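Just below is one structure, and these are the notes that go with it.
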Amino acid sequence: MHSDYYSPVEWEKIMAFSETKETPFLVVTLDKIRLKFGEFRTGFPQAKIYYAVKANPDLAVLSLLRDLGSSFDVASIYELNDMLELGVSPDRLSFGNTIKKARHVREAYQKGVRLFASDSETDIRNLAREAPGSRVFFRILMDAITSDADWPLSRKFGCQPRMVTDLVLLAADLGLEPYGLSFHVGSQQREISAWDAAIAQSKYLIESLGKKQIHLKAINMGGGFPADYLVKSNPLSVYAEEINRYLDFHFGDAIPEIYLEPGRGLVGEAGVLISEIVLISKKSRQDLKRWVYTDVGIFNGLMETLGESIKYPAYTDKTGETGDVIMAGPTCDSMDIMYEHFKYQLPLSLEIGDRIYWLSTGAYTASYSAIEFNGFPPLKTYCL
Ligand SMILES: *Cc1c(COP(=O)(O)O)cnc(C)c1O
């Protein structure tokens with residue numbers, strides 16, 4: 001199974017490194033991220049790439065992407081300060097969270113950041129006051145589209161097109177530079193046509209604003225590019241080909257500047273989370289299902305299994321006949337169950353102490369890990 005996700009050389013390297021380490025921990029292979037970054041560059045040669053820091057903020061990951069020339073989408077003043085400390089100049093940072101305190105906007109501006117995203121009047125007024133003259137992306141609500149995604153970013157971000165228009169006009173009036181539209185089609189979006197609808201919507205808005213003498217220069221197409229989990233996705237090259245076709249179709253020879261903010265699509269496949277089985281038990285003598293408790297769960301890395309949304313491939317070295325299992329984490333919270341309705345099958349020969357390898361766990365695992373719920377330490381990351 002691991003050979004569907006990692007080359008033999010890669011797997012060998014991860015295994016050799018992991019053997020003596022105490023679980024649970026995440027191993028990230030930087031070569032894979034380098035490769036993926038190259039795929040984004042090749043697929044979207046015209047695009048500016050802003051890595052979404054939240055997906056995996058490990059310093060080695062950030063440093064690698066810095067050296068590869070990536071820009072960065074930061075969600076908070078804390079991520080922003082981390083990036084500055086890593087020596088990334090503020091003109092490579094976008095403060096892309098539409099929800100932010102006025103004093104954090106001021107601090108970002110004072111430190112040289114001039115690119116922000118917004119979706120509300122209050123935030124626009126804050127930006128005009130605290131970050132005068134800055135470039136602004138206006139986020140379009142994508143509620144209809146994101147519901148297809150495995151991890152929808154849903155209703156929380158963006159506003160309706162009519163309101164986008166109002167905000168753009170207000171921003172221009174207040175001396176900001178309305179720079180472009182942004183959207184996010186939902187994370188782990190396997191329906192490529194979601195981008196088509198979003199690009200069509202953007203085109204319509206850009207055109208109608210043009211009639212009001214506001215000429216937006218860019219579209220920020222956010223993230224949403226998938227990683228391969230139990231369900232595989234099309235390769236990035238297919239996404240790129242399709243999305244570039246949509247851009248051509250809707251904009252012809254007047255394609256705006258393109259910004260991308262990949263998170264999961266860039267780092268997801270670069271990680272293996274290595275855990276150990278703490279307990280195997282049944283709830284009654286006749287129970288056909290085994291409960292398999294691992295030392296990793298919802299609270300220390302596998303948050304995205306909430307609602308069984310993301311189904312990670314779980315690999316063990318044991319072989320032979322398999323049976324249904326319920327997979328759960330080690331904490332004293334009954335919510336700490338990864339998979340119960342979706343039936344994972346694991347070998348009957350599985351024993352306490354065996355390792356479970358969670359594949360494609362480079363994104364939203366370490367960064368989603370609690371600090372010390374039940375005293376369990378946050379998930380460690382090692383980069384190779
Ligand atoms: C989370 C986020 C991203 C990254 O999304 P992925 O689906 O992980 O690629 C990009 N842009 C914004 C604004 C985000 O909030």
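Both counts, for ligands and for their atoms, begin at 1 and track the order of listing. Worth knowing before you read on, the calculation uses all heavy atoms, side chains too, and leaves out hydrogens, waters and symmetry mates. This structure is a prediction, so every number in the text was calculated from the model and none was measured.
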Contact check: [X] vs ligand 1, nitrogen or oxygen atoms, below 3.5 angstrom:
{"X": "Gly224", "value": "yes"}
{"X": "Gly186", "value": "no"}
{"X": "Gln188", "value": "no"}
{"X": "Ser187", "value": "yes"}

Q: Determine whether any heavy atom of Tyr364 lies closer than 4.0 Å to an atom of ligand 1.
A: yes

Q. Quick one: does ligand 1 sit under 4.0 Å from the side chain of Met221, the backbone, both or neither, non-hydrogen atoms only?
A. neither

**Q.** Gln189 and ligand 1 - part of the residue with a heavy-atom distance under 4.0 Å
**A.** neither

Q: Verify the distance criterion only: is there a donor paired with an acceptor across the side chains of Ser369 and Asn300 at less than 3.5 Å?
A: no

Would you check if the distance from the ring center of [X] to the ring center of [Y] is below 6.0 Å?
{"X": "Trp358", "Y": "Tyr229", "value": "no"}
{"X": "Phe299", "Y": "Phe376", "value": "no"}
{"X": "Tyr382", "Y": "Phe25", "value": "yes"}

(Q) If we check salt bridge (Lys or Arg N to Asp or Glu O under 4.0 Å) with Asp123, which of these qualifies: Lys100, Arg139, Lys101? (A) Lys100

